Protein chains: 2
Amino acid sequence: MKTHTESEENYIKALYHLGGEQPVSNGDLAQRVGAKGSSVTQAVKRLGQKDLVNVVPYKGVQLTPKGIRLAKSILRKHRLWETFLVDKLGFGWDEVHPLAEQLEHIQSEELVDRLFQFLGSPKHDPHGDPIPERDGQMPPVLGQPIGAFTAGAEIRIVRVEDAGSEFFDQLDTMNINLGNTYEIRTISAFDASVELGSPTGSFWLSQSMCANIYAVQS
Amino acid sequence: MKTHTESEENYIKALYHLGGEQPVSNGDLAQRVGAKGSSVTQAVKRLGQKDLVNVVPYKGVQLTPKGIRLAKSILRKHRLWETFLVDKLGFGWDEVHPLAEQLEHIQSEELVDRLFQFLGSPKHDPHGDPIPERDGQMPPVLGQPIGAFTAGAEIRIVRVEDAGSEFFDQLDTMNINLGNTYEIRTISAFDASVELGSPTGSFWLSQSMCANIYAVQS
DNA sequence: CTTTTATTTTAGGCAAAGCTAAAAATTATC
DNA sequence: GATAATTTTTAGCTTTGCCTAAAATAAAAG
């Protein structure tokens, strides 16, 4: 089992995030990792030599199966650590991302396995995103955007998009958390905002909020 | 709050380990960090520019107050992570060192504080070594070597030296753990080995084992 | 189907961090 | 106190990983 630098792992992660198994352009990758195009050209050349990506000059970069395996293992670590930080240490879900970006580079299969167990073999992280299994399998991506339901439906929040800290702040001030259940009261035909009802009252969610909150019928 | 590279932190840690506040020779430092002398000369020059050490060429390197603060904060993280790994994840005390060496470089005051709380504000790590406080204060270094007691004493194991994996294996096979209590039955005048007694029987410990096991009267 | 614009790659630099081999300084020995 | 042995530093090279500026290629516009 080879070991990789943090920079390499960051490129792999970015590639997986941007394109999954599909090719990604130099520019997009540069933007994502926060480097200049020329640095990216070099970096992906190195990754190519390690058989983690296929590079077609001027065309794009694509993860190899080996690269995809690595990407998933990093994502697994990232999401397990986020779960740890929220569930065990009491961090807010808006605070954990930068910390998990450091922790995801810790190298130890054993540690990951034990952490996974310690956390109760979770399938989803504190945002509701699926945690890749040990073997690379992905648990289902949960829920549909709130706007996709019809008035009268009973729903349970199961996932939120990472739409920036202001979004998370808004969730916090509105006291919206994973697991909360609501009734869909109204869906505005004018601006696609939604009225949610709970035992304690009702409130309106803007279209942009709704687009980043996912739920299932309950 | 500035941020340091892992390499820098490793040098600081090594300096603290070898000399504490006292100066350390280039050679000793090189040995400890596993680099050549020439690399060390460069490295300490960099550290000097950051005001973490004072360098007197050909004479030695010494931590500054700032360097000592950093060293203690790294040690604090190291020992807290070791505690986490043993207490929460069930690692053996012989396995945790290399992992903690990775985890100790994670940068976040908040994380350290929360981890500390989560672990129940421990004063000592799984080996019984003191965990530096937030403000740099050091809890007491516990116990005396087993050979320092007199026959008849009731003792409790409170600390073990990190004397390599074979030592830890031996502790494991003899089922010796922190917190265990014994009676000192005999101290050999011939080879300084010691006979310990417990409710379930008695056994002998070699002089070298004793030298690395620390206890208090109980 | 050229020309302009945008993207990507090359070329050349820089800093961190390691190395080896040679020079300089210190310490030990006679 | 002069010489030998050890330690430390300098000098010069390597790799990773980033940068800027210039050249090359691809895409868009006329």
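Since we're looking at a predicted model, the values are computed, not measured. Chain identifiers are assigned alphabetically (A, B, ...) following the order of the sequence lines, protein sequences preceding nucleic acid strands; residue numbering begins at 1 within each chain.
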Check whether Phe116(A) forms a cation-pi arrangement with Arg76(A) (NZ or CZ under 6.0 Å from the six-membered ring centre, at most 45° off the ring normal).
yes
Examine Lys88(A) relative to Phe118(A) and say whether NZ or CZ is less than 6.0 Å from the centre of the six-membered ring and inside a 45° cone about the ring axis.
yes
Rounded to the nearest Å, what distance is computed from the [atom1] atom of residue [X] to the [atom2] atom of nucleotide [N]?
{"X": "His4(A)", "N": "dG17(D)", "atom1": "NE2", "atom2": "C1'", "answer": "17 Å"}
{"X": "Lys45(A)", "N": "dC18(D)", "atom1": "NZ", "atom2": "C1'", "answer": "14 Å"}
{"X": "Gln42(B)", "N": "dA11(D)", "atom1": "CD", "atom2": "P", "answer": "12 Å"}
{"X": "Glu6(B)", "N": "dG18(C)", "atom1": "CD", "atom2": "P", "answer": "11 Å"}
{"X": "Asp28(B)", "N": "dT8(D)", "atom1": "CG", "atom2": "C1'", "answer": "13 Å"}
{"X": "Asn26(B)", "N": "dA25(C)", "atom1": "CG", "atom2": "P", "answer": "16 Å"}
{"X": "Lys36(A)", "N": "dT9(C)", "atom1": "NZ", "atom2": "C1'", "answer": "16 Å"}

Which nucleotide sits closest to the side chain of [X]: [options]?
{"X": "Ser38(B)", "options": "dT20(D), dT8(C), dT10(D)", "answer": "dT10(D)"}
{"X": "Thr5(B)", "options": "dT8(D), dC19(C), dA16(C)", "answer": "dA16(C)"}
{"X": "Thr41(A)", "options": "dT8(D), dT10(C), dC19(D)", "answer": "dT10(C)"}
{"X": "Tyr11(A)", "options": "dT10(D), dC18(D), dC19(C)", "answer": "dC18(D)"}
{"X": "Tyr58(A)", "options": "dA26(D), dC19(D), dA24(C)", "answer": "dA26(D)"}

Classify Gly37(A) by what it touches in the nucleic acid, base, sugar-phosphate, or nothing, heavy-atom distance under 4.0 Å.
base
| Which part of the nucleic acid, if any, lies within contact of Ser7(A), taking any heavy atom under 4.0 Å across all strands shown: a base, the sugar-phosphate backbone alone, or nothing? | sugar-phosphate
side-chain contact (heavy atoms from CB on, under 4.5 Å) with Glu104(A): of Asn10(A), Leu80(A), Leu75(A), only one passes, and it is Asn10(A)
Could Arg114(B) and Glu110(B) be called an ion pair, given the rule that one side-chain N must be under 4.0 Å from one carboxylate O?
yes
Parallel, tilted or perpendicular: rings of Trp81(A) and Trp81(B) (30°, 60°): perpendicular
Would you say Lys59(B) reaches dT27(C)'s phosphate, i.e. side-chain N/O to OP1/OP2 under 4.0 Å?
yes
**Asked** Does Arg46(B) have a side-chain nitrogen or oxygen under 4.0 Å from the phosphate oxygens OP1 or OP2 of dA17(C)?
**Response** yes
